[in-house]
Amino acid sequence: MTKLNDLQLDVLAEALNIGMGAAAASLSDMLGSSVGLSAPRIEFMTRGEAVLALNRTGAGPVCGVSQGFEGNFSGESMLLFPIDKSLELVRLLMKETLPLEGLTELEEEALSEVGNIILNAVIGSLAELFAHDIGTDLPSFKQGSFEDVLVAACDHGKDSMVLLLRVDFNVEQSEIDGYVVFVLDLASISGLANGIDGYMRKLGIAEV
Amino acid sequence: MKFVLPKQSAFTENEEALLTMVLDSLVGGVIVIDDHKRVIIWNDWMKMSSGIEVTQAKCRGLFELFPQLAGSRIEQSVDDCLVRGNASLLSHALMRESFPLVGIKNQEPIQQVIYIKPVMPTGKRRHCIVQIADVTAAVKREHQLRSATSSALSAQQAAEELAALKSGFISVVSHELRTPLTSIRGSLSLVSNGVVGAVPKKVHDLLQVADRNAGRLLALISDILDMDKFESGKMKFDFQRMSVRSLLEQAVEGNDGYARAHCVSFDLFPIADDLYVSIDDNRMLQVMSNLMSNAAKYEPSGGVVELSVAKRGKHVRISVVDHGPGIPEKFKSRMFEKFSQADTGDTRKLGGTGLGLVISKAIVESHNGVIGFYSDPNRRTEFYIDLPIVP
């Protein structure tokens, strides 16, 4: 299996948004201010198609957080932002008003923590709904073009597929767009599909 | 440190001792807890930073040792690690609660980054490794960087305010000076020309001196205002296509009287009809006037100032040549600096504000052009401007 059908994608989008909600609640609690998170669109594509789609956004160089996950399905998860947006997000979260030219070491760490919270919540939500056992690695900070970042994450084989989500952050009345990316190999896509099907059966939703 | 391993350890005694040594040599805290959050490993760094001996720590619940962290994000992350196998990073910047640890050397509270990772020992339930890094030095460095940036921004803001104040002051003072000076020159001219009655020659000569100096003051004010416009970025240009020939003919016409007053003349060499430049004609005539009046001032009496044009690739070079004393070698590098003149005595005698060449350079460069000179004292001094040719 190399692709998910529309119904599976819908169920997956729902599961991911439950995770986003959990992540937003954690961030809001942690930061003491309201954080909104939603992933209105989800797409499944090859790595090349993902690079093209992301380049079309005109976002330029990006930075963000990457962390591996392993279990019934395995791969690499990433939270990416255009560099200027990442600066804005971190400073909003840190309530830092003095702008420096780039992200400092401590700001990179703070962005890594935010990415870690979101990716853990999303993966945790998939694991819970699809009754999977999936653990995550520590996050690492990434910077470069979409292609650099995606190629670096594709040690999982040439046949890797990409699950791409556009994420809308809402922090302190500012809206910041980012991307959550999952890179999965073919075996993991099957594992994910099986998990979704099992969940649908549990809910009594007919498979297409 | 006493290293407590689960039963049926896969390690030999030697390996266990080696592992203990490795963990004790690490610069940073390492705690390993089991699925009941009880401490299994507590390295030397933890002992020294917390003041809790390994014997006190082992087999105790981590959050019994640090009850103030119960329910904190650290405990939530440990739970997430033990239950779901998720790793967490707790950054210094977003950390609300941290371990009550002090620096080994100075006993001062330390700033921390905490890494929480799952580990699955063979035949056991999931355990959790808590690693603590001391980032106090990095936090201090970043704090200093922010302070320095803040100071630099304040200084820049103060400098900008001062520059704006200076610019406003120059503008007001210059306008306030120009109006009465214009009136003084008008009155001097009327008196000098006998409009209000005959003037004795001696008085007439003195009036001429007064008029010349009032004229110099007006020129200086005008140059100061121009400089201020350049420096504040307020100088506006109205670029139009114009033939080089027309530009130079107008320049000669406009400066002819000045040349005659200095008993010299201009010789305009033949110019091709098809050379065009994109210029603000008023500003470029100001540059020409500056170069031509300088040349006329220094050209020996009865001499000829030469004006010529040459095509040089995509540019046209306009040259103004005099045969005066020229520019001393040691002064050449300062020709385009404010209030720089080769010989102050001469300047006073011959007039000039000391800003003309600075303004000319700014105008030419605003036209994507270049201004320069060659000087062979007492033989030939050439000032030139190169401007891009347009179709």
Side-chain angles (χ1 to χ4, degrees), chain A residues 19 22-23 25-27 29-33 35 65 67-72 77 89-128 132-141, chain B residues 71-98 111-120 125-154 156-157:
Chain A
S26 295
L27 285 172
D29 181 46
M30 192 175 118
L31 302 166
S33 54
V35 176
V65 185
Q67 63 179 51
F69 54 93
E70 200 165 348
N72 296 52
S77 59
L89 176 67
V90 169
R91 277 153 201 174
L92 279 170
L93 297 174
M94 289 173 71
K95 300 181 172 57
E96 183 56 70
T97 52
L98 179 66
L100 296 176
E101 258 185 40
L103 281 176
T104 65
E105 189 185 328
L106 297 180
E107 286 173 336
E108 282 182 12
E109 237 162 34
L111 188 67
S112 298
E113 180 172 2
V114 170
N116 179 233
I117 289 169
I118 293 169
L119 296 172
N120 275 359
V122 170
I123 291 167
S125 149
L126 296 184
E128 201 163 311
H132 280 328
D133 187 17
I134 308 164
T136 60
D137 293 338
L138 281 171
S140 61
F141 182 78
Chain B
S72 69
R73 191 165 128 64
I74 298 174
E75 185 168 24
Q76 288 168 13
S77 300
V78 164
D79 289 341
D80 194 35
C81 176
L82 291 172
V83 175
R84 297 189 188 86
N86 283 339
S88 293
L89 180 158
L90 279 65
S91 69
H92 163 266
L94 303 178
M95 196 179 294
R96 275 205 213 150
E97 308 96 347
S98 57
Q111 312 292 329
Q112 303 155 33
V113 172
I114 301 170
Y115 305 92
I116 296 170
K117 290 183 285 191
V119 60
M120 188 72 89
R125 291 174 67 98
R126 197 178 276 133
H127 286 24
C128 177
I129 304 175
V130 179
Q131 262 181 279
I132 301 156
D134 178 358
V135 292
T136 310
V139 172
K140 195 174 167 188
R141 269 198 311 276
E142 216 153 282
H143 180 72
Q144 285 168 342
L145 177 66
R146 285 192 190 281
S147 295
T149 306
S150 170
S151 304
L153 282 175
S154 301
Q156 188 187 342
Q157 200 179 350

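The analysis underlying the following values was restricted to heavy atoms, covering all of them including side chains, and did not include hydrogens, waters or symmetry mates. The sequence lines fix the lettering, A, B, ..., with proteins before strands; numbering per chain opens at 1.
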Practice task
Could you have a look at A:V114, A:V90, A:D29 and say which one has the most heavy-atom pairs with chain B under 4.5 angstrom?
Solution key: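 Of the options given, most contacts go to A:D29.
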
Handout entry: Heavy-atom neighbours of B:E75 CD exceed 12 at 6.0 Å
Key = yes

Considering only heavy atoms, which portion of [X] lies under 4.5 Å from any heavy atom of chain B: side chain, backbone, both, or neither?
X: A:N120; value: both
X: A:A127; value: neither
X: A:L111; value: neither

Handout entry: From CD (A:Q67) to CG (B:L89), nearest 0.5 Å
Key =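 Atom-to-atom, A:Q67:CD and B:L89:CG are 9.5 Å apart.
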
Handout entry: Result of checking A:E108, A:E113, A:E109, A:E107 against B:S91 for side chain to side chain donor-acceptor pair (under 3.5 Å)
Key = A:E113

Closest approach of [X] to [Y] (non-hydrogen atoms, all atoms of both residues):
X: A:N116; Y: B:S88; value: OD1-CA, 3.0 Å
X: B:A93; Y: A:L106; value: CB-O, 4.3 Å
X: A:T136; Y: B:A87; value: OG1-N, 2.9 Å

Practice task
Carefully, step by step, assess B:R73 and A:I117 under the rule side chain to side chain contact (heavy atoms under 4.5 Å, CB included).
Solution key: CA-CA 11 Å; B:R73 191 165 128 64; A:I117 289 169; 3.7 Å; yes

Exercise for the section: Pick whichever of B:K117, B:R96, B:H92 has the most heavy-atom pairs under 4.5 Å with chain A. Expected result: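 The answer is B:R96.
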
